Participant: 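Got a structure here, written out as structure tokens. Questions coming.
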Amino acid sequence: MAQPSSAGELNAVDLETALLEQWGSEKTFQSSIDGRRNNAPFIFLEGPPTANGKPGIHHVVARTFKDLVCRWKTMEGFLVERKGGWDTHGLPVEIEVQKRLDLMSNEAIEAFGMAEFNQACRESVWTYEAAWREMTERMAYWVDLDNPYVTLHNDYVESAWWALKQMFDKGLLYRGHKVLPYCPQTGTSYSSHEVALGYKEVEEPSVYVKFKLTDDDASVLAWTTTPWTLPGNVGLAVGPDVTYARCRIKEAAGEAWKGAGGAEVGEEVILAKELMKEVLRHHVEVIEEFPGSDLVGRSYEPLFPEAVPRGDSTTAWTVLAADWVTTTDGTGVVHTAVMYGEDDYNLGMEAGLPAHHTVGMDGAFVEGTHPQLDGKYVKSCDETIIALLSAPKGSNGKGPESGLLYREKDYLHDYPHCWRTDHPLLYYAMDSWFVRMTAVKENLLKFNDQVEWAPDWVGEGRFGEWLRNVKDWAISRERYWGTPLPVWRSESGEMKCVGSIQELQDEVAKAVAAGFENPDCPDDVDLHRPVVDGYTLVSQSGEPMKREPFVMDCWFDSGCAPFAQWHHPFDNEATFNASFPVDYICEGVDQTRGWFYTLLAVSATVFDNMAYKRCLSLGLILDAEGKKMSKSRGNIVDPWDHFNREGADATRWYMVTAGAPWNPMKFDPNGVRETYAKMFLTTWNVYKFHADYAALDGFDPEAQHVPVEQRSALDRWVLSRLHTVAKAYHDNFTNWQFHKACRDLEDFMVNDVSNWYVRRSRRRLWDEADSNDKLSCQHTLHEVLETVCKLVAPVSPFMVDHIHRNLTGVSVHTADWPLGVPGSLEGATADAWDEEAAMATAILPPQDLGLEDTMTLVRELAEAGRRIRIDGARRQRLPCAQGWIVAGPDLSAFHDLLAEELNVESIRVEDDLDRFQQIELAPNFRALAPKARAEVNNVANAIRTAEDPVALLASINDGGAEVLGVLVESGDVEVKRVEREGFAAQTVELETQGEQLHVSLVLDMNDTPALLSKGMARDIVRRVQAKRKDLNLEIEATIDLEVWLKNAPDMQAEDETWVATETRSAGCIFHPEGANPPADAEHFEVDGATVHFTVK
RNA sequence: GCGCGGGUGGCUUAGUCGGUUAGAGCACCCGGCUGAUAACCGGGAGGUCGCAGGUUCAAGUCCUGCCUCGCGCACCA
């Protein structure tokens, strides 16, 4: 067994880096796992970061919470393996490479070569891997980075293919259209994330257009901000419950009319009644009002009759009902161009409108739309379209009948632009593949209910909301770098989904046999583009099938992590079966619709199961001003600033204590410093105090054990506190309240251990002879430190390991959790274990709540003493002859301690309460209010200010007293005992075990020559000690002391001797009053006396 | 627009069932204590508890509306 060696000064950074090396050479992480090899598993799943961005402080936050739970569960005896992972596909990688290689369009990429491009992506992915690794190691996030899962590896891709095939086979995968923001210049559609990069405020012409009903003289007015979509119009949507008005123009428009358009007197238009004022610029009369449902089914004349063929649609150019139509702007009638708006598209599909493009992928109108528009870029046609619509009635033969524009209005709005080329994006219906999430919605909700969310409102609220509105998942992307969609399709629409390399090889062989030429398909075929594009398969009917030219949403990749990390179902069957669904994941709340969703989406569709049982959703990290951290703001905090200054321990502890994990965290660099100074310096100094004396005395924690019940009350108190705090700490951990747990523990270390226990125990260890009391103190300190080390270890793993190793000889990370090791119990699982058996494995000292209460009172009294001295202007070092404690429990065990703290010669208990205390009555509103009602405040005041509270109390207790007409009984008042005026006294009030205590402390403020001498001696000692410290003297070093006093009280011989002993003065001379001190003597003044002294 | 979460001294925050002096820490000032400490103790200054109503004998706490910050969703016809 180890005997502690002395501690030395703290250098957190050196300590941490030295430990990192030790952990590396001793393989501490591995042995913390290996030691629990036969225990119940707790499955953690790492959300894969992408290594093509630099790690920031927010990553440290997430990794701290991942790590602390894993370490905690490990110490609880669970087997917690932690496989690292990397997300390596997707748009961010492509964009990075495109920027670097200046390839700003798909044409450019294809000209450069897809293979070369993807190779560049493959390399780019690892740009910051080293930085990630260094950060991960330095912050002590224990995760296996040597065998991570990597989404670009063939094994991983193969598992993803397998998963997709499961969906395909279940009929959950389908090909359809999705309206996406599309940039014709770069030929790419954008994800919402990219779109968000390019919102710009622009002013554009918006138009009010008359759609002439075929069986009526009236027109329906509709509004659009994108005139280029008008040729594609095939329908009008109205709100069935919205009230519409048919209006007749009464007189011609006034001079103020601006822009094109207009209406003739007598013309009739239909629009939402609410919007008439907003839209109409003519005086009108309302002819008729009716609900939108009355309009449904009416047909109208197409604006551009040539543009869209009717096909077999019966509903084209009719009025349709849509409940999403509002009257917040426009006319309450929505112009519907099926291919150029998401709602339009959905409505069109539902209503059977023709789905025909009037705009090509190049952003220009297709031939046959209108002679003046064909082949022109849509965004430059606004004027032409407006001119066509507003031309005088009957003025142009082909195209719009004209006279159809009512009004134009410039409209200011945010519109998405291409963040690369700055062109406005077009909402454009594109071919896309979907997973039919709507088919499994009920299961999604059911599984989500079973997840333990922290905080619960993310699961119920945000995530639940998302699931209740779940849409089919568009999983295909027209990109290059990603998991290719493993679906091959023939011209006639036959399809095949490939679920493994073996299957691909088989299909290729079949195709070759059928006469289609194909490249080799080896076992290690690269499952990326363009290699997989090179294979032509053969359909059932013998037709060639080409691969659908998409890659998958990279969120699909990460959603496959629970099984793809094990190459399921091709490998590691046992491992997978034992680890699905996982027990714990933890990421930022921004992953709600990201990883949290895709994990559940994939597991629900593929396995009909949940993916994770517990999810900790972390709040966003903000800078000290509360602003989001972002590169563009330049307010990113570099974690290394803190790793290299206060260390990773303080950084982690700060992050955990700064607030609830799910609340947004304002990261304040000063906070890290404060944490370092409070928590870690204090802990270190407590440790140093113990270790230095333990080393000096050759303390052996195994030997000469002193049973707790034989130790002093102070020892038993701090051990009981340890028990209480550890228990609460653990309970808070269980409830995800890590911040509360750590704040309480910090408070315990600083206030209870350092500022009370250690301060009060210092002299016990100065004793140079071995004593039972000293031994008790050392065992107590040892036990407190050892347990605190274990409690802190999951959160801040460095310093406590150093301390634990010096105290016990072994790493804290292989130690057991003080509150029990359920993971090691027979039959335990991560979710359930025998609570009693688990508690039996806990190691905590005895708890004595009564003693804790008593000590609280003692400490309050010590503080009260200081207040009394301030009020009475009596310095702390000048002793008082006598202190009285009035009322309260028996504190005799602490009288010595209190006497010392209070600097009084003796403590006495005063039994006659009335000698120093008087009674005050306070109203108990809860009881009084129902009786007194509105009078309660007056009654309360009367009770408070009663002239003779003793008499009032007596009559209240004797059947009740009438106060202002209200019968006041004993439950209606609280009796407070406070000190009598005129005494140097203070009363402390506290509640112990349901009982209200009012305890007073009274000090005798009279001086005697003996007291004055003693006080002077204490002042001299204090000054000399400070001097010794200034001179950097060894604690054992002896000095020669000379003292000259002026106007000072006479020093008693015993006090002079005491000064000599305390200051380790071999020679100690007190010069008589009047002797002149040498010029180099130090001097100070106290209560009018001047003291000179020299230390040699 | 909808949903969620915030708004408490200069800063970070606690505040339970509504109960009468809103509690801490940092920073500041004064005093004290100290041979582990960058610590600690006592006191001071600093608060319209986002705003406005309402319920109540009593509101930081409950209700309504609004403002504001963050996040998300929807919309942007």
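No experiment lies behind these values; they were computed from the predicted model shown.
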Participant: Taking atom C1' in both B:G46 and B:U8, what distance in whole Å separates the two?
Facilitator: 14 Å

Participant: Starting at the 5' end of RNA chain B, which residue's closest nucleotide do you reach first, A:Val589 or A:Val936?
Facilitator: A:Val936

Participant: Starting at atom CG of A:Asn685, determine the distance to atom P of B:C40, rounded to an integer number of angstrom.
Facilitator: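 Rounded to the whole Å, the gap is 12 Å.
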
Participant: Mind checking the CG-OG1 spacing from A:Leu426 to A:Thr226? Nearest 0.5 Å is all I need.
Facilitator: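 Here the interatomic distance stands at 9.5 Å.
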
Participant: Taking atom C1' in both B:G47 and B:A24, what distance in whole Å separates the two?
Facilitator: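 The same atom, C1', in both gives a distance of 14 Å.
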
Participant: Would you write out the dot-bracket form of RNA chain B, 5' to 3', with Watson-Crick and G-U pairs under 3.5 Å, [ ] for crossing pairs, | for pairs to other strands and . for unpaired bases?
Facilitator: (((((((..((((.....[...)))).(((((.......))))).....(((((..]....))))))))))))....

Participant: Rounding to an integer number of angstrom, what distance separates B:C69 and B:G54 when you compare their C1' atoms?
Facilitator: 26 Å

Participant: In whole Å, measure the gap between the C1' atoms of B:G44 and B:G5 for me.
Facilitator: 37 Å

Participant: More than 12 foreign heavy atoms under 6.0 Å from CD of A:Gln737: is that the case here?
Facilitator: yes

Participant: Using a cut-off of 4.0 Å on non-hydrogen atoms, how would the nucleic acid contact of A:Val458 be classed: base, sugar-phosphate, or nothing?
Facilitator: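 Nothing: the residue A:Val458, judged by heavy atoms under 4.0 Å, touches no strand.
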
Participant: How far apart are the closest heavy atoms of A:Val179 and A:Gly341, and which atoms are they?
Facilitator: CG2-O, 3.5 Å

Participant: Strictly under 4.0 angstrom, non-hydrogen atoms only: write out the protein contact profile of nucleotides 28-33 of chain B, one letter per nucleotide from the 5' end, B, S or -.
Facilitator: ----SS

Participant: Do A:Thr682 and B:A36 share a donor-acceptor pair, side chain to base, under 3.5 Å?
Facilitator: no

Participant: In whole Å, measure the gap between the P atoms of B:A59 and B:U55 for me.
Facilitator: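 Their P atoms lie roughly 11 Å apart.
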
Participant: Can you check the distance between B:G19 and B:U56, where both ends of the measurement are the C1' atom (answer in whole Å)?
Facilitator: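 Nearest-Å result for B:G19 against B:U56 at atom C1': 12 Å.
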
Participant: Sort and list the pairs that fulfil salt bridge (charged side-chain N to carboxylate O under 4.0 Å, His left out) and have at least one residue in residues 225-239 of chain A, not counting sequence neighbours.
Facilitator: none

Participant: Write down the distance separating the P atoms in B:A36 and B:G23, rounded off to the nearest Å.
Facilitator: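 The same atom, P, in both gives a distance of 34 Å.
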
Participant: In whole Å, what separates the C1' atom of B:G15 from that of B:G6?
Facilitator: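 Result for the C1' pair: 16 Å, nearest Å.
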
Participant: Does B:G6 have OP1 or OP2 sitting under 4.0 Å from an N or O in the side chain of A:Lys666?
Facilitator: no

